[in-house]
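Both counts, for ligands and for their atoms, begin at 1 and track the order of listing. Keep in mind it's a predicted model, so treat the numbers as computed, not measured.
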Amino acid sequence: MNIEQQIKELREELRAYNYQYYVLDNATVSDFEFDQKLKELQQLEDAHPEYFDANSPTQRVGGEITKNFETVKHNFRMYSLDNSYSKEDLEDWETRVKKMVDGDVNYACELKYDGASMSLTYEKGVLVRAVTRGDGFQGDNVTANVKTIKSVPLQLKGDYPELFEIRGEIVLPFDGFNAMNEERIAAGEEPYRNPRNTASGSLKLQDSAEVAKRPLDCLLYSLVANKLPVATQMEGLKKASDWGFKVPPVAKLASSIEEVLEFVNYWDKHRHELPYETDGVVVKVNSLQQQEELGYTSKSPRWAMAYKFKAEQVSTVLEEITYQVGRTGAITPVANLQPVELAGTTVKRASLHNADQIEKLDIRERDTVYVEKGGEIIPKIIGVNLEERPEDSQPTKYISQCPDCHTALVRTEGDAKHYCPNEEGCSTQIIGRIQHFISRKAMDIEGLGGETVALLVNEGVIKNYADLYALTVEDILPLERMAQKSAENLVEGVSKSKEIPFERVLFALGIRFVGETVAKKLAKHFKSIDALMEASFEQLIAVDEIGDRIAESVLAFFKIETQDLFSEIKQGETHREVVERLRAYGVQLAISEEELAGQTDTLAGSTFVVSGVFAKVSRTELKKLIEDNGGKVSGSISKKTSYVVAGDKMGPSKRTKAEELGVVIITEDDFLAMIAK
Ligand code: AMP
Ligand code: ZN
C-alpha cells in the first residue's frame, strides 16, 4: 500500500471512531488505540505534507490563532423565533397557520437547546465555514474554532448535496462544564456561571487549541439551501443524521396541537435527565412546501414557534446566611434554605455571591425568598417576598471578620469579594491549601484524604504542606481513628510524591491564578523554581499567555518579606522558606535532567513558521526543536514572525506573504546551524 493510500485509510478509520464516539456516544476503540492511530497518522502527515488535508482528524487539536474574527454575511438570514408560553398561545398560532395554508398540518417538535447558534456551510461534503448568528444578517467567522469540536463532522458521508448550510447550537454539556469549573476552582479562580455563556465565550477564544480542550458539542436542527433533497423538516433531520451530524433523537412528529402539548409536558418534566441545557420546545410546520407558503415576518418564520419552559422557581424560607472561606481567603456568603424541591433536586443552599448582591436584593435571614434554577448550576435567589417578611426583620449586616479566625476582612478596589488576609493563621485557608496540594492533579498523595488533613491541622500536627514531609508514623498514630497500617500508608504516600514532576509541584503550591496549564507553561519556560522566584514582572509577562494578573500573583507569592523592626516574632514561614524546606525533603523543584537535555534559549524571542517538506527532520521534530531552544512556533505568517523555515514544496502563497512582510526565509540547514551554535 502506498503512503497516500495509507494516510487515507487511517483518516477514514479515525473519522469512523470519532463519529461513533462523539456523535453516537458509543465507544468502539480504547482511548489508547485511538491515540496510537492518531499519532501514526500525524507522523505520516508530517513526513508527507504534500498530502495535507485541512479536514484530517489530526486538525482537531487546533493551534490556529485568530486575532480578529472576520465578519461575514449570512447567505440565508438567521431568524429569531416567536415565543409562546401557554396552550392558548399555541392554539392561536395554529389558527393563523391554518388560515394561510391548505390541507392538513403536521408539526415537528424539537427541543430548544440553550447554547450559541451556529451556521455551518458544507461544500462537496467538506466543512468550509462556521459563522455565529451575530445580528442574523452577518456574524463572525469562527471556522478554526468550530473545527476543533469533535461532533462537528469535517467530512460528510452519504448522499449530501453539493452545497448547503446547516444550523445548530453549540452547547457545553453539564459534565464538561462541571469539570472545567473544578479546574478553575483548583486554580483559585471564580467558576463560570453557566454553560451557555461559557459555550459562546469559547467560540471567541483566539487560540483554537484552547477551544479544542473544551468539551463542546454541536447539536444540529435545520438544513438550509436553495433546493433541499427533502420535503419535510423530519426528513431533513433524518438526512442530516445520515450524513454524520449529531441530531438529537428526541424530535417527534405531532398531528395536532394536543400532541404538541404532550411533547411539551413530557420534556418539561424530563429535560433534567438530558446531558445539556434546554430552555423550551421548538414547534415547526413539518412540510417545507407549507413553510414556504407561510414565509417570514420581519424577524421570525411564521412556520415555527418556540414554547418556553418556565424557569423553575420556588419560594422557601432563608433560614440563615453563613460564610465560607476558600483556600485563597475569599469569602462566599451562602444562603441556607428550608429544603425545597426544584428542577428535580432538593435544594438546601444557594450562593449569594458577595455583599453587593445581598444588598441589592435586600436579602435577610428569615425572609421568604424566590429561588430559581435557570442556566446556572447552583440555584440562585432572585428576589424576596416582602409580604412574608417578619416584622422584627433587620437588614443583613455583612460580616466584617473572618468566621474562622476573626481577622478583619479586607476588600480591594474592583473586587466584589471580601478576603481574610490572615493567610498563615486561618485554619480554613491552611486546610484548603493543603487539600489542594495533595489533590489528584497536584501531588496526588495516596493514603491521605481531606478530612485527615483537617484533623492534622486542627490537632496542631502540621501547619503547611511542607510539614507533611516531616510526618512520622508516631506523629499520626495518636490521632483519632488512625491505625498503624493507615499511618504507614500516609507516610509512604507522602514520600512517593517526591517523584511528582516540577510542573505539578508548581501547580500544587497554590499560587492564585496558576492552574494546571499556566503551571506547565511557567515550568517549561523557567525550568526551575529558582529562576521563577527571581523573575521580574517583565520576564513573567514575556512568557506566552502569561498576563499581568498572573505575573502579579506570582510576584506576590514569592515576595521577599522584609522584617519589620517593631513587629513581634514573625508568625509563619514565608513561601520562600516553605520552598526551601520542600527542596530539602527532595521534592522536584526543577524540570528533570532528561527534559532539560537539549533545551536552550538560543531562539528566545523569535517566532517561527514552518512550511514545506524537510529532508533531515520531520515537521514535528522541527517544531519541537524550535520550542526546546526557546523559540515560538506559529501557524501563520504575520508581522510578528521572525523566520519562516522553508522546506521543499513550500506553499506559494506563504512565500509571497513572507516576502511582502519582509520576513526572513531560511532553509532547514540554516535553521540547524542556528541551534548548533
Ligand atoms: P431566540 O434566540 O429566542 O429568538 O430563539 C431562536 C434561537 O433558538 C435560534 O437562533 C436557535 O439558535 C435556537 N434554537 C435552539 N434549538 C433550536 C431548534 N431545535 N430549532 C430552531 N432553533 C433552535
Ligand atoms: Zn480567616
Could you check whether Tyr107 and Trp93 have their ring centres less than 6.0 Å apart? yes
Check: Phe245 ring centre within less than 6.0 Å of Tyr122 ring centre: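 Yes.
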For the side chain of [X] and the backbone of [Y], is there at least one donor-acceptor N/O pair under 3.5 Å apart?
{"X": "Glu320", "Y": "Asn336", "result": "no"}
{"X": "Ser553", "Y": "Arg512", "result": "yes"}
{"X": "Glu423", "Y": "Gln429", "result": "no"}
{"X": "Asn145", "Y": "Leu203", "result": "yes"}

Identify, for [atom], the protein heavy atom at the shortest distance, and state residue, atom and that distance.
{"atom": "atom 11 (C) of ligand 1", "result": "Tyr221 OH, 2.9 Å"}
{"atom": "atom 1 (P) of ligand 1", "result": "Lys112 NZ, 4.0 Å"}
{"atom": "atom 16 (N) of ligand 1", "result": "Tyr113 N, 3.1 Å"}

Pick out which of Glu292, Gln291, Glu293 makes a side-chain hydrogen bond (donor to acceptor under 3.5 Å, both in side chains) with Gln289.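 For Gln289, the side-chain hydrogen bond (donor to acceptor under 3.5 Å, both in side chains) test succeeds with only one of Glu292, Gln291, Glu293, which is Glu293.
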Before moving on, can you tell me the angle at the Zn ion (ligand 2) between the SG atom of Cys420 and the SG atom of Cys405, to the nearest 10 degrees?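 Seen from the Zn ion (ligand 2), SG and SG are separated by roughly 100°.
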Polar proximity ligand 1 side, [X] side, N/O cut 3.5 Å exclusive:
{"X": "Gly168", "value": "no"}
{"X": "Asn83", "value": "no"}
{"X": "Leu81", "value": "yes"}

If you count the atoms of ligand 1 from 1 in the order shown, which ones are under 4.0 Å from a heavy atom of Ser80?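 By the 4.0 Å cutoff, the relevant atoms are 4 (O).
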Show which atoms of ligand 1 fall inside a sub-4.0 Å distance from at least one heavy-atom site of Ser117. 10 (O), 12 (O)
Could you tell me whether Asp467 and Arg581 have a side-chain N and a carboxylate O separated by less than 4.0 Å? yes
Just heavy atoms, cut-off under 4.0 Å: does Lys284 contact ligand 1 by side chain, backbone, both, or neither?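 Contact part for Lys284 vs ligand 1: side chain (C-beta onward).
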Backbone, side chain, both or neither: what part of Asp114 comes under 4.0 angstrom of ligand 1, heavy atoms only?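 Asp114 to ligand 1: no contact under 4.0 Å from either part.
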Shortest non-hydrogen contact from Arg167 to Ser119? NE-OG, 3.4 Å
Is the Zn ion (ligand 2) less than 2.8 Å from at least one N/O/S atom of Cys426? yes
Is the closest heavy atom of Thr278 to ligand 1 under 4.0 Å? no
Measure from atom 7 (C) of ligand 1 to every heavy atom in Glu110, Glu169, Arg133 and give the option owning the shortest one.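 The nearest heavy atom belongs to Arg133.
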